[in-house]
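Below: one structure, written as structure tokens.
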2 protein chains.
Amino acid sequence: MERRAHRPRIADVAREAGVSKTAVSFAFNSPERLSLETADRIREVAESLGYRPHPVARMLTQRRTMTLGVLTPQALSVIFSNPFFAPFNEGIARAAEDEGYELHFISPIHGSLPAAVSRATVDGVVAIGVSAEHPEVGQIRRAGLPIVMVDAEDGEHSSVVIDEEGGARAAAAHLLELGHRDILVLAVEAPQVADERADRAAPAVTVRRLRGYRRAFESAGLTLDPSRVIAARASIDGGAAAFQGAWSQGLRPTAVLAMSDAMALGAIRAARELGLRVPAELSVVGFDDIDLASHVDPALTTVHQPIRQKGFEAARLLLEEVEQPASPSRHLRLETRLIVRGSTAPLHARGEVPGTQQ
Amino acid sequence: MERRAHRPRIADVAREAGVSKTAVSFAFNSPERLSLETADRIREVAESLGYRPHPVARMLTQRRTMTLGVLTPQALSVIFSNPFFAPFNEGIARAAEDEGYELHFISPIHGSLPAAVSRATVDGVVAIGVSAEHPEVGQIRRAGLPIVMVDAEDGEHSSVVIDEEGGARAAAAHLLELGHRDILVLAVEAPQVADERADRAAPAVTVRRLRGYRRAFESAGLTLDPSRVIAARASIDGGAAAFQGAWSQGLRPTAVLAMSDAMALGAIRAARELGLRVPAELSVVGFDDIDLASHVDPALTTVHQPIRQKGFEAARLLLEEVEQPASPSRHLRLETRLIVRGSTAPLHARGEVPGTQQ
DNA sequence: GTGTGCCGCTAAACCGGTTTTCTAAACCGG
DNA sequence: CCGGTTTAGAAAACCGGTTTAGCGGCACAC
């Protein structure tokens, strides 16, 4: 009686076929080193046993996983629900699958990103939402893996960034041209990491976009009042809460500059609940141009950034370094542009007076 | 002069600390088997060398990857752009990260799903869009991995399905109650696999939803004309093309039953381009209730299915089997319900006569 | 004084493959 | 018929860890 609860190993095939493990390996990987009949026979035996080379063992000997890692401090579940990540991941995926690579998301495990990194079986990493100073970046580097930074720059690693300052500037200039002066800025706050080190400094993205806003004000001979800048979570709820909070503190802005479309959507929702009409009584500009932006009513005026392309280019850069380890680091900068839709209007173009009905 | 271009291995740490490899391994995995000082010293040396246990080697010896696989015949890039997959993945991710598992998407590599499966380093698989007869399912089973089927049932494996027939029936009944009789059905066609075996049989999902539609007709003493059932790709473009095609063949339906929201949206777009107003001149019902459905104008009447929960439950089931291999297979069936929004209206409620302007 | 048990650690086997090195037989020209 | 080159495949080393078996030394009991 034969018991074989286990997955067949290469040794099983070798024994059954009366050859060495080497021969079996050759039959699959370099059949030209075997006589035709031997190779055929081995493959037949393997087939009948249902043998497949163990992928982990293969990774170990070949020293490659054929997998790209996507490193982010966001939780895994957020990555799939967040409308920004969808096209970004799509771009990465397209580049990866062109070359036969798989994708692996490196997100905090039980709150710890370093733990996730040390467990990741990848050939290289695309990092997003992580600055170059993050210890995880060094950790990856020491492991001998190439890394491409997205939305962050340092001289050492390859990177893909967008013209955030230019886009932000265009957004602010648009509102100023429409006559708005009392403008509320919704800034992206640092994501709460369930980590001991709580370096709650503003994200680099926030700093750069804020600089763009400020420049527009300066060009118009104005200054951006820091008390009008409110940090909030980059989500619909975060944007809604921030606008709501500002309103209840007595602020009565005529326009909102949001650093993400999600926040912009939240601000619109909160404004409506307060009885304000958009854009008649409140103009709102977002940032990112997520797919949803053109589908909401009114369609969102926002700064377009090529999210899909950003993911695609980052993955391309990474693949290059993975397949050619000696290649020098490269830096890409993609354009942004303002897209004017229906959520912004001239300051005094309001139709009727505000009603009390929502 | 010391050259060390390589990532430090356990042997390096052992040599440096003057102990055996075993001791180093113990220092990390079972420190209680070492004296406190030895363990500390080893960890110090490891730290100074920047040593991290190689994750692939670990997987090999521990015979577990702490990774769940998501098997689909769709291309990787589709998974991230498809509005159905977003919440589904989110649900899976939530369950996985609760238990400290990672996620790995098993999609065709250069068109071959079997190739992807044999390369996948996972502890178990959630399969979606794949029927139990697919050879890949057996392939996974032979590798000794547990598998949970989604939207497909067979006695052997665990599964999570929804009440498709009930949902479809409710959708059709809704249109019939509104007085519609000339109804166009947009069915989901089998995805084109870049594979030799072209078993272009209708997907099981299509069969079940169609049955639901038919039942509703029968209950109303009517029959569903097979010539009114058109198969198309489950995308916005697919739905648009299908409606457009039906129209140009002379069909003039007053309502559309789409088997996916994406197709429904496409039908609406095509109808508008033909000068039809929705819902005044054409009622449209979708299926799935993707996030976008409530945001479009008019908001889409559709059959809600708990996509997020479906992913979550599937992953829970899988995790159970992964952690307790002997456990029996289980079967879940989740409810669906019709959500009436703005894309459907009574047959003769049309406001004005159709204009020629679009 | 010696057997027993425990402590702290090491050597060797193992996970499941690939790759390098090596050998016996076949081939080949002179 | 002989030395040298191919050819087909085997043996062994290796990838980088973990785990099992075992060993020397010390404390304690008898």
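- Atoms CG (B:Leu60) and C1' (C:dT18) sit 12 Å apart, rounded to a whole Å.
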Table of protein N/O atoms under 3.5 Å from nucleotides 23-25 of chain C N/O atoms:
none

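- If you check the side chains of B:Glu323 and B:Tyr101, you find a donor sitting under 3.5 Å from an acceptor.
- Among the atoms of the strands shown, none is found under 4.0 Å from any heavy atom of B:Val56.
- In this structure, CG of A:Leu49 is placed 12 Å from P of C:dG17, rounded to the nearest angstrom.
- When heavy atoms are screened at a 4.0 angstrom cut-off, B:Arg64 is found touching no nucleic acid atom at all.
- Between A:Ser158 and A:Glu321, the side chains place a donor N or O and an acceptor N or O closer than 3.5 Å (distance only, hydrogens not considered).
- Here C:dT18 is the nucleotide among C:dG17, D:dG9, C:dT18 with the atom lying nearest to any side-chain atom of A:Ser25.
- For the pair A:Arg119 CZ and D:dG17 C1', the interatomic distance rounds to 16 Å; values are reported in whole Å.
- Using modelled atom types, one finds a donor on one side chain and an acceptor on the other under 3.5 Å when comparing B:Ser77 with A:Glu97.
- Under the 3.5 Å distance criterion, with hydrogens and angles disregarded, no donor-acceptor pair is assigned to the side chains of B:Thr22 and B:Ser25.
- At a cut-off of 3.5 angstrom, counting only N and O atoms as typed in the model, there is a donor on one side and an acceptor on the other between the side-chain of B:Thr22 and the base of D:dT19.
- Helical stems in DNA chain C, defined as runs of 3 or more consecutive Watson-Crick or G-U wobble pairs with both donor-acceptor distances under 3.5 Å, are listed by first residue as C:1-30 with D:1-30.
- Judged by distance alone, the side chains of B:Thr67 and B:His104 never bring a donor and an acceptor atom under 3.5 Å apart.
- Distances shorter than 4.0 Å separate some side-chain N or O of B:Arg9 from OP1 or OP2 on D:dG16.
- In this structure, CZ of A:Arg15 is placed 14 Å from P of D:dA10, rounded to the nearest angstrom.
- Counting non-hydrogen atoms under 4.0 angstrom, B:Val24 reaches nothing in the nucleic acid.
- Relative orientation of the B:Phe80 and A:Phe80 rings is parallel, given thresholds of 30° and 60° on the angle between their planes.
- Taking side-chain N and O atoms only, B:Arg58 has no distance below 4.0 Å to OP1 or OP2 of D:dG16.
- In the interface, the side chain of A:Lys21 is paired with the base of C:dG17 through a donor and an acceptor atom under 3.5 Å apart.
- Following rounding to the nearest Å, A:Tyr51 (OH) and C:dG16 (P) show an atom-to-atom distance of 10 Å.
- Rounded to whole Å, atom P of C:dG16 lies 9 Å from atom CZ of A:Arg7.
- Side-chain contact check for A:Glu133 and A:Ser131: at least one donor-acceptor pair (N or O, by modelled atom type) lies under 3.5 Å.
- The 12-atom threshold is not exceeded at CD of A:Glu47, counting heavy atoms of other residues, nucleotides or ligands nearer than 6.0 Å.
- In this structure, A:Ile10 places its CD1 atom 13 Å from C1' of D:dA10, rounding to the nearest Å.
- At the phosphate of D:dT19, neither OP1 nor OP2 sits under 4.0 Å from any side-chain N or O atom of B:Thr61.
- Atom CZ in B:Arg63 sits roughly 9 Å away from atom C1' in C:dC14 (whole-Å rounding).
- With a 6.0 Å radius and a threshold of 12 heavy atoms from other residues, nucleotides or ligands, A:Glu32 has its CD atom above the threshold.
- Side chain to side chain, B:Asn29 and B:Arg58 meet the donor-acceptor criterion of an N or O pair below 3.5 Å.
- Using a 4.0 Å cutoff on non-hydrogen atoms, the parts of residues 28-37 of chain A near DNA chain C are A:Asn29, A:Arg33, ordered by number.
- When only modelled atom types and interatomic distance are considered, B:Ser329 and B:His157 share no side-chain donor-acceptor pair under 3.5 Å.
- Between A:Phe88 and A:Phe85, the angle of the ring planes goes over 60°, which puts this pair in the perpendicular group of the 30/60° scheme.
- Toward the 5' end of DNA chain C, the nearer of the two residues B:Phe26 and A:His54, judged by each one's closest nucleotide, is B:Phe26.
- Other residues, nucleotides and ligands contribute at most 12 non-hydrogen atoms within 6.0 Å of the CZ atom of B:Arg330.
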